[in-house]
There are 2 protein chains.
Amino acid sequence: MNVTVGGKSRHYRTVAFDAGSNEVLLIEQRLLPHEFKIVRTKTFKETAVAITDMIVRGAGAIGATAAYGLAQGAQAFRGSNVQKFSAHIDDVFNVLKAARPTAVDPVNAMLDVRRIMAAGESVVEQQSLAVAAAEEFANEDAKHCRELGEHGAKLIKNGMRILTHCNAGWLAFVDFGSATGPMYAAQEQGKKFHVFCDETRPRSQGATLTAWELAQQKIPHQIIADNAAGHLMQRGEIDMVIVGSDRTLGRTGEVANKIGTYTKAVLAVRHKIPFYVAIPLSTIDWNLKSGFDIPIEERHESEVLGAWGAVSGLKFKGQSSKLGERAYVRVANPTSGARNPGFDVTPAELITGIITPAGIFKPKDLWKNRAKLGFI
Amino acid sequence: MNVTVGGKSRHYRTVAFDAGSNEVLLIEQRLLPHEFKIVRTKTFKETAVAITDMIVRGAGAIGATAAYGLAQGAQAFRGSNVQKFSAHIDDVFNVLKAARPTAVDPVNAMLDVRRIMAAGESVVEQQSLAVAAAEEFANEDAKHCRELGEHGAKLIKNGMRILTHCNAGWLAFVDFGSATGPMYAAQEQGKKFHVFCDETRPRSQGATLTAWELAQQKIPHQIIADNAAGHLMQRGEIDMVIVGSDRTLGRTGEVANKIGTYTKAVLAVRHKIPFYVAIPLSTIDWNLKSGFDIPIEERHESEVLGAWGAVSGLKFKGQSSKLGERAYVRVANPTSGARNPGFDVTPAELITGIITPAGIFKPKDLWKNRAKLGFI
């Protein structure tokens with residue numbers, strides 16, 4: 001999407017590849033929303049570290065980063081011995097896979113690249129196919145988000161007030177985003193609407209990333225405390241909810257997403273407000289038979305007990321961190337602990353529809369449409 | 001309640017009066033949970049400033065503070081001219097009333113003190129009655145919280161996991177608290193239970209004040225993000241909800257309380273979890289006929305856009321604030337704004353019961369029990 005830097009607006013992807021210099025270009029997401037910066041990784045090992053350190057995050061974005069990292073590793077190989085090259089690619093694959101061990105997107109992306117590379121006979125051919133396949137993977141991710149965005153945009157009417165939760169924006173993908181996709185597409189069509197961004201404690205991705213995205217695209221929006229959505233719905237100030245998904249069960253229509261999503265769905269149903277989930281096909285899990293089987297990650301309590309932000313008006317003495325004036329403040333009582341489940345599961349009956357690149361489906365209809373939805 | 005300072009535990013009230021030195025003693029609540037300090041105000045004007053600056057907050061606590069402030073102002077009068085004394089008391093009353101113009105508790109408390117003072121003939125008699133009346137007002141506040149606590153404690157069974165929202169604890173009253181009252185009474189009875197404290201963004205009173213209170217009383221507890229309660233209920237980890245109330249409509253049973261309360265009530269009903277509201281009688285509004293007539297304060301957006309806390313590990317250069325290492329961090333995207341409704345209204349049908357000093361009532365039964373509930 002477009003980002004304005006120094007008064008000039010230009011298009012960026014979350015992740016891109018410079019084949020000439022063999023560098024992966026990443027938006028340094030840890031600095032957002034306070035600073036916009038592109039990081040260039042020079043080796044596949046640096047690319048793996050960028051994934052581990054969360055310079056880049058989001059399912060689609062880390063998939064594309066791993067695909068580019070594999071191409072980068074392939075291009076760095078010197079020599080023409082195909083067997084040695086193949087062993088090298090195994091190493092590259094394993095390093096990038098280990099960068100975020102629980103994520104499935106990097107592995108799927110790299111398997112895709114390797115499958116295409118296999119058609120090449122010489123090292124040079126395989127290197128060239130690797131770069132083309134990684135590029136194709138990233139393009140497909142962007143294309144799928146745009147397609148789901150165009151399906152979802154049909155739901156957005158002029159004057160609507162839309163609630164979203166967390167960041168399922170273009171920063172989580174290569175471009176365009178999932179929950180934000182319909183908004184960006186509707187804006188291109190000239191529609192006017194207002195977005196409420198749930199702050200999304202404890203990591204505040206709504207207040208930081210989604211709000212930054214919407215501000216860059218000049219979409220009118222306001223951040224609200226996670227506590228405020230119920231009141232706004234009660235007073236008739238929200239017309240639709242669109243969220244993303246970390247995992248959607250193809251068999252049941254249940255949606256695992258950032259903690260707090262379930263609460264918004266319960267509120268939406270009470271107020272008869274449509275609740276949509278926007279997903280690329282890669283987040284559909286065709287195996288699990290119950291949302292209760294989805295492991296819910298319990299994250300570190302420090303996220304709940306404090307907040308990260310830019311210190312306002314005060315400078316640090318000496319030991320300022322790499323992130324400049326960004327600091328962690330301990331908000332909570334120092335002698336108290338916290339529970340911090342990272343995700344929750346929303347049952348199908350609370351969800352109006354699932355917006356996908358192949359169209360909008362009732363959650364319980366995913367299974368019977370599995371052929372259209374890329375089930376293999 | 002008891003507070004442990006320097007390893008020693010002793011009993012404190014949120015507000016107290018030292019008649020000998022004519023000083024009001026207040027817990028400096030803005031420093032909690034990072035520091036415990038008692039502030040002594042030497043004049044009624046200082047007491048008014050303490051109310052305005054939120055050294056003391058909470059309906060019951062500011063009522064008692066204003067009552068003591070009036071007694072303090074009365075005692076400071078020199079002379080025996082009853083008419084001049086009366087004019088002086090008018091001034092004191094107006095200064096304390098203006099300290100928090102929208103609150104009703106200070107006014108009601110001071111009218112109570114003035115009514116009792118009126119029985120005195122000489123200045124000295126009236127001064128003496130003022131001190132006794134203010135003391136009585138504070139004692140009554142503490143007694144009512146204890147009474148509602150004892151009624152509420154009957155609902156708490158061994159092993160229960162209780163959710164609370166915001167701070168309706170002893171810090172908001174003179175002692176014991178409203179939502180926390182049943183917990184403190186149950187603890188005295190030897191019951192074991194666990195409390196989940198909603199963080200309560202944007203001002204985080206749950207993470208700061210309620211968690212501090214529970215830690216002082218050694219009640220097992222954990223702070224959770226406001227987003228997490230729905231998930232915990234879904235997984236069967238919450239057995240009961242107890243919250244306080246800023247205003248309870250005696251005619252309809254609707255409850256206005258901190259933003260996010262309504263959401264918790266909606267979730268509780270979905271999960272068939274009892275949802276109780278604990279209130280002293282002073283929060284009942286017998287006039288309003290609909291919750292939609294309750295004005296919802298829209299607070300400053302900076303509360304949503306950032307957080308206050310203790311900066312961790314870093315010292316400030318030069319200009320450190322009076323609050324030491326406490327700092328505000330801007331969390332949100334710098335170019336985004338926020339909506340910040342401070343309260344919401346929970347309809348009667350979502351509330352299992354209202355816990356009062358006179359017993360536990362169905363919300364819709366408040367009106368027919370109005371005689372018991374102090375309606376005048």
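Excluded from the calculations below are hydrogen atoms, water molecules and symmetry mates; all remaining heavy atoms, backbone and side chain alike, are included. Below, chains carry the letters A, B, ... as their sequence lines are ordered, and counting in each starts from 1.
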Most heavy-atom pairs under 4.5 angstrom with chain B, which of A/Q222, A/R339, A/E199, A/H165? A/R339
Sequence-distant partners of B/Y12, ring-ring contact (aromatic ring centres under 6.0 Å, His included), two or more places apart: B/F36
Within residues 227-238 of chain A, residues adjacent to chain B where the heavy-atom gap is under 4.5 Å: A/N227, A/A228, A/G230, A/H231, A/L232, A/Q234, A/R235, A/E237
Interface residue of largest heavy-atom contact number with chain A, from B/L350, B/T346, B/L305, B/L209, under 4.5 Å: B/L350
Top contributor to chain B interface from A/E301, A/Q216, A/H221 [non-hydrogen pairs under 4.5 Å]: A/H221
How far apart are the closest heavy atoms of B/A307 and A/V329, and which atoms are they? O-CG2, 4.3 Å
Go through the atoms of A/F343 and report whether side chain, backbone, both or neither lie under 4.5 Å from a heavy atom of chain B. backbone
Given the options A/T200, A/D344, A/L32, A/D226, which has more heavy-atom pairs under 4.5 Å with chain B than any of the others? A/D226
Give, as side chain, backbone, both or neither, the part of A/V269 having an atom under 4.5 angstrom from any heavy atom of chain B. neither
Using the test side-chain contact (heavy atoms from CB on, under 4.5 Å), find all partners of A/P33 that sit at least two apart in sequence or belong to another chain. A/T208, A/W212, B/N333, B/P334
Between A/A225, A/S336, A/G342, which shows the greatest number of heavy-atom pairs under 4.5 Å with chain B? A/S336
For chain A, which residues of residues 252-262 of chain B have at least one non-hydrogen atom nearer than 4.5 Å to it? B/I259, B/G260, B/Y262
Engaged part of A/R270 at the chain B interface, taking heavy atoms whose separation is under 4.5 Å: side chain
Among the options B/L267, B/T263, B/I223, B/T335, pick out the one with the most heavy-atom pairs lying under 4.5 Å from chain A. B/I223
Give the member of B/N340, B/I296, B/L214 that has the highest number of heavy-atom pairs under 4.5 Å with chain A. B/I296
